[in-house]
Amino acid sequence: GENVEQHPSTLSVQEGDSAVIKCTYSDSASNYFPWYKQELGKGPQLIIDIRSNVGEKKDQRIAVTLNKTAKHFSLHITETQPEDSAVYFCAAQESNFGNEKLTFGTGTRLTIIP
Amino acid sequence: GAVVSQHPSWVICKSGTSVKIECRSLDFQATTMFWYRQFPKQSLMLMATSNEGSKATYEQGVEKDKFLINHASLTLSTLTVTSAHPEDSSFYICSALGLVGRVDEQFFGPGTRLTVL
């Protein structure tokens, strides 16, 4: 099955600086890579995703890059703000019809220092 | 975006009792829903995949007789933790598979915190 590794487990960044979180996956058949933000006591919220037919996707301050050859993808948050503090999870999915299971990374606790 | 609700948001029960958690897709129909369990400071672990009108598919190591899943309609799946014990205390999260444009996307509920005394 799929195995997703995520680094770092914790990350502290000065407000206004950039944060980068990296993930690697094992199953070359995976073709969908979402990123989730989870605040304390809440369910995960999708913040950005990328599919295997593109290498980079950007949405305002958030961007994701994908390297299928190396089997890794990264989340980039620029101009960080205190409200970006949360736990971030990457995930990988092999989108075969009827088998859309997500495998999550171990999570990164991001703290933005005012 | 699509909304998924869970009820209750938290529950405290005595050891040996059963607890039912509901997961609803509010503005879309979901033929597939997923149930996850998350222990403190850990990742989400998939417990089972619930398909409307058929038996759920459980992940390895998850007891199907302990965690009963019923997906009776296109907008509702329930997870019943039977004979709950303190080690079942966890954050249970569901998600529903919905069509966004031409691709499927999982929409997550807000979670249910179960505490077994």
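These numbers come from a predicted model, not from an experiment. Letters go in sequence order (proteins before strands), and every chain restarts at 1.
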Task: Residues of residues 60-72 of chain A with any heavy atom under 4.5 Å of a heavy atom in chain B - done: none
Task: Connected via hydrophobic side-chain network under 4.5 Å: B/L46 and B/I69 - done: no
- [ ] State plainly whether one hydrophobic cluster holds both B/F107 and B/L74, where clusters connect Ile, Leu, Val, Met, Phe, Trp and Tyr through side-chain heavy atoms under 4.5 angstrom apart.
- [x] no
TODO: Take atom CG of B/L117 as the centre, draw a 6.0 Å sphere, and report whether it contains more than 12 heavy atoms from other residues, nucleotides or ligands.
DONE: yes
Task: Heavy-atom contact with chain A under 4.5 Å, split by part of B/L44 - done: both
- [ ] Give the other cluster members for A/V20, using side-chain heavy-atom distances under 4.5 Å between Ile, Leu, Val, Met, Phe, Trp and Tyr residues; answer none if it is isolated.
- [x] none
So which N and O atoms of chain A and chain B form donor-acceptor pairs under 3.5 Å?
unit_1, atom_1, unit_2, atom_2, d
A/Q38, OE1, B/Q38, NE2, 2.9
A/Q38, NE2, B/Q38, OE1, 2.9
A/G43, N, B/P110, O, 3.2
A/E100, O, B/Q106, NE2, 3.2
A/K101, NZ, B/E59, OE1, 3.2
A/K101, NZ, B/E59, OE2, 3.2
A/G105, O, B/S43, OG, 2.5

Open item on the list: Under a 4.5 Å cutoff for heavy-atom pairs, which residue among A/P44, A/P34, A/G105, A/G107 has the most contacts with chain B?
Closed with: A/P44
Open item on the list: Other residues, nucleotides and ligands only: do more than 12 of their heavy atoms fall within 6.0 Å of CD on A/E79?
Closed with: no
TODO: Report whether A/I48 and A/V13 are members of the same hydrophobic cluster (ILVMFWY, side-chain heavy atoms less than 4.5 Å apart, transitive linking).
DONE: yes
TODO: Report yes or no: do A/L46 and B/F108 belong to one cluster of Ile/Leu/Val/Met/Phe/Trp/Tyr joined by side chain heavy-atom distances under 4.5 Å?
DONE: yes
TODO: Would you mind listing the cluster partners of B/M33? Hydrophobic ones only (ILVMFWY), side-chain contacts under 4.5 Å, chaining allowed.
DONE: none
Task: Contact origin within A/F89 toward chain B - heavy atom pairs under 4.5 Å - done: side chain
Open item on the list: Hydrophobic clusters here meaning ILVMFWY residues chained together by side-chain heavy-atom distances under 4.5 Å, can you tell me if B/F91 and B/V19 are in one?
Closed with: no
